[in-house]
Amino acid sequence: MSEPLIPADLIHRLRSARRVAVLTGAGISAESGVPTFREAQTGLWAQYNPEELATPDAFRRNPQLVWDWYIWRQERVRLAEPNPGHLALVEMERRIADFTLITQNVDGLHRRAGSHQILELHGNLFRAKCFSEDCPVENPPLESGEIPPRCPQCGGLLRPDVVWFGEMLPANILRAAEQAATQAEVFFSIGTSALVYPAADLPFTALTAGAMVVEINPQPTPLSPHVTFSLNGAAGVVLPALIAQTWGIVA
């Protein structure tokens, strides 16, 4: 299969850009074999709707059930590896002075790939936070066998540090994402349906501010008619081609 041809205007703009922002969604992780939120409902968990397990009320009713589900999801994500799309974004970050990676994904694959400037809009599957006081806890003590785990500060219950149904995105993370979109010279929307708000507003924020906005997705989305360039294809194919044709390297 031939390498995708990247528009010359995009290559020239990216070579000179100092500020670039990237928004990624479930599509880039799907290429690593990570099931989408609803695809994860298999086997024992097929009897549950995600809405029954990913809400504060569900946690209050049965914290162990919720944690068992998240531990199962963690185990599936650990089997996945970053794909060429993730690795290409690491190369892009190395070459852009002010680079921000905004992700809707909670799987941590961008960090495992080697990206550093990451804003996790929906949290992280491998972090927890105190259900009472909202303080984050890295590497929650699940190995102790106590489910749900306890907050090391107050002894209260820990919950997964992800955004549940009915909850707002972390205000500081969203503000930083909006600022990155406003300041970007080039903005990428990669592997996202462009249907989940407020993340879906970010490309339009960048467009309004004058950025070149590029969508990379196998299928058209509601964003497609509005962007500067819509590159139809998998992130793991298009992004390495973009890196190779822009900087002459293989990601």
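Leu65 is connected to Trp72 through a chain of hydrophobic side-chain contacts under 4.5 Å among Ile, Leu, Val, Met, Phe, Trp and Tyr, so both are in one cluster. No continuous path of hydrophobic side-chain contacts links Ile173 to Val196 [ILVMFWY only; heavy atoms under 4.5 Å]. Linking ILVMFWY side-chain heavy atoms closer than 4.5 Å, directly or via other members, places Val20 and Leu119 in two distinct hydrophobic clusters. Under the 4.5 Å side-chain heavy-atom criterion for grouping Ile, Leu, Val, Met, Phe, Trp and Tyr, Val227 is not connected to Phe229 through any hydrophobic cluster. Leu10 is connected to Val22 through a chain of hydrophobic side-chain contacts under 4.5 Å among Ile, Leu, Val, Met, Phe, Trp and Tyr, so both are in one cluster.
For the atom pair CG (Leu87) and OG (Ser115), the distance works out to 8.5 Å, reported to the nearest 0.5 Å. To the nearest 0.5 angstrom, Arg76 atom CZ is 8.5 Å from Leu79 atom CG. The structure places CD of Glu178 at 4.0 Å from CG of Leu174, a figure rounded to the nearest 0.5 Å. To the nearest 0.5 Å, atoms CZ (Phe204) and CG (Leu223) are separated by 5.0 Å. One finds the CD1 atom of Ile102 at 5.5 Å from the CG atom of Leu202 (value rounded to the nearest 0.5 Å). In this structure, CD1 in Ile71 is found 8.5 Å from CD in Gln64, a value given to the nearest 0.5 Å.
Within the 4.5 Å cutoff, the side chain of Ile28 has no heavy atoms near those of the Thr103 side chain. The shortest distance between side-chain heavy atoms of Gln74 and Leu125 falls below 4.5 Å. In this structure the side chain of Thr246 never reaches within 4.5 angstrom of the side chain of Arg95, judged on heavy atoms. Between Cys154 and Glu133 there is a side-chain heavy-atom pair separated by less than 4.5 Å. A 4.5 Å side-chain heavy-atom check between Phe188 and Leu89 finds every atom pair outside the cut-off. Counting only heavy atoms from C-beta outward, the side chains of Leu14 and Trp247 approach each other to under 4.5 Å. You'll find the side chain of Gln104 reaches within 4.5 Å of the side chain of Leu23, heavy atoms only. Side-chain contact between Leu109 and Arg112 is present, with at least one heavy-atom pair separated by less than 4.5 Å.
Here the side chain of Glu31 pairs no donor or acceptor atom with the backbone of Asn83 at under 3.5 angstrom. The closest donor-acceptor contact from the side chain of Gln117 to the backbone of Leu101 lies at 3.5 Å or more, if one exists at all. Checked by atom type and distance alone, the side chain of Trp67 pairs as donor or acceptor with a backbone atom of Leu158 at under 3.5 Å.
Contact record, Gly108 with Asn124: CA-ND2, 4.1 Å, taken as the closest heavy-atom pair. In terms of heavy atoms, Pro222 sits closest to Ser193 at CD-O, 3.5 Å. Annotation for Gly114 and Val90: closest pair C-CG2, 3.7 Å, computed over non-hydrogen atoms. Residues Asp107 and Ser29 approach most closely at OD2-OG, 2.5 Å, considering heavy atoms. Scanning both residues, Trp164 and Thr55, for their nearest heavy atoms gives CE3-C, 3.5 Å. Of all the heavy atoms in Pro240 and Ala235, the pair that sits closest is CD-O, 3.5 Å.
Using a cutoff of 4.0 Å between basic side-chain nitrogens and carboxylate oxygens, Glu91 and Arg94 are scored as salt-bridged.
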Between Leu53 and Asn62, does a side-chain contact (heavy atoms from CB on, under 4.5 Å) hold up when you go through it step by step? CA-CA 9 Å; Leu53 299 167; Asn62 194 335; over 6 Å; no
Evaluation steps, side-chain contact (heavy atoms from CB on, under 4.5 Å), between Tyr70 and Val106: CA-CA 11 Å; Tyr70 274 92; Val106 298; over 6 Å; no
Apply side-chain contact (heavy atoms from CB on, under 4.5 Å) to residues Arg150 and Leu157 and explain how you reach the verdict. CA-CA 5 Å; Arg150 296 279 175 174; Leu157 295 181; 3.5 Å; yes
Show your working on side-chain contact (heavy atoms from CB on, under 4.5 Å) between Ile190 and Ile216 and close with a plain yes or no. CA-CA 5 Å; Ile190 302 171; Ile216 299 173; 4.2 Å; yes
Report the C-alpha distance between Glu167 and Arg159 in whole Å, list the side-chain angles of each, state the deciding distance to 0.1 Å, and finish with yes or no for salt bridge (Lys or Arg N to Asp or Glu O under 4.0 Å). CA-CA 14 Å; Glu167 295 183 326; Arg159 53 160 282 182; 2.7 Å; yes
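Pairs of residues two or more places apart, or lying in two chains, that qualify as ring pair (Phe, Tyr, Trp, His ring centres under 6.0 Å) and include a residue from residues 90-124 are His86-His110. Note on residues 53-67: pairs passing salt bridge (charged side-chain N to carboxylate O under 4.0 Å, His left out), not counting sequence neighbours, are Asp57-Arg60. For residues 201-228, the pairs satisfying side chain to side chain donor-acceptor pair (under 3.5 Å) are Glu215-Thr221, Glu215-Ser224, Glu215-Ser230, with sequence neighbours left out.
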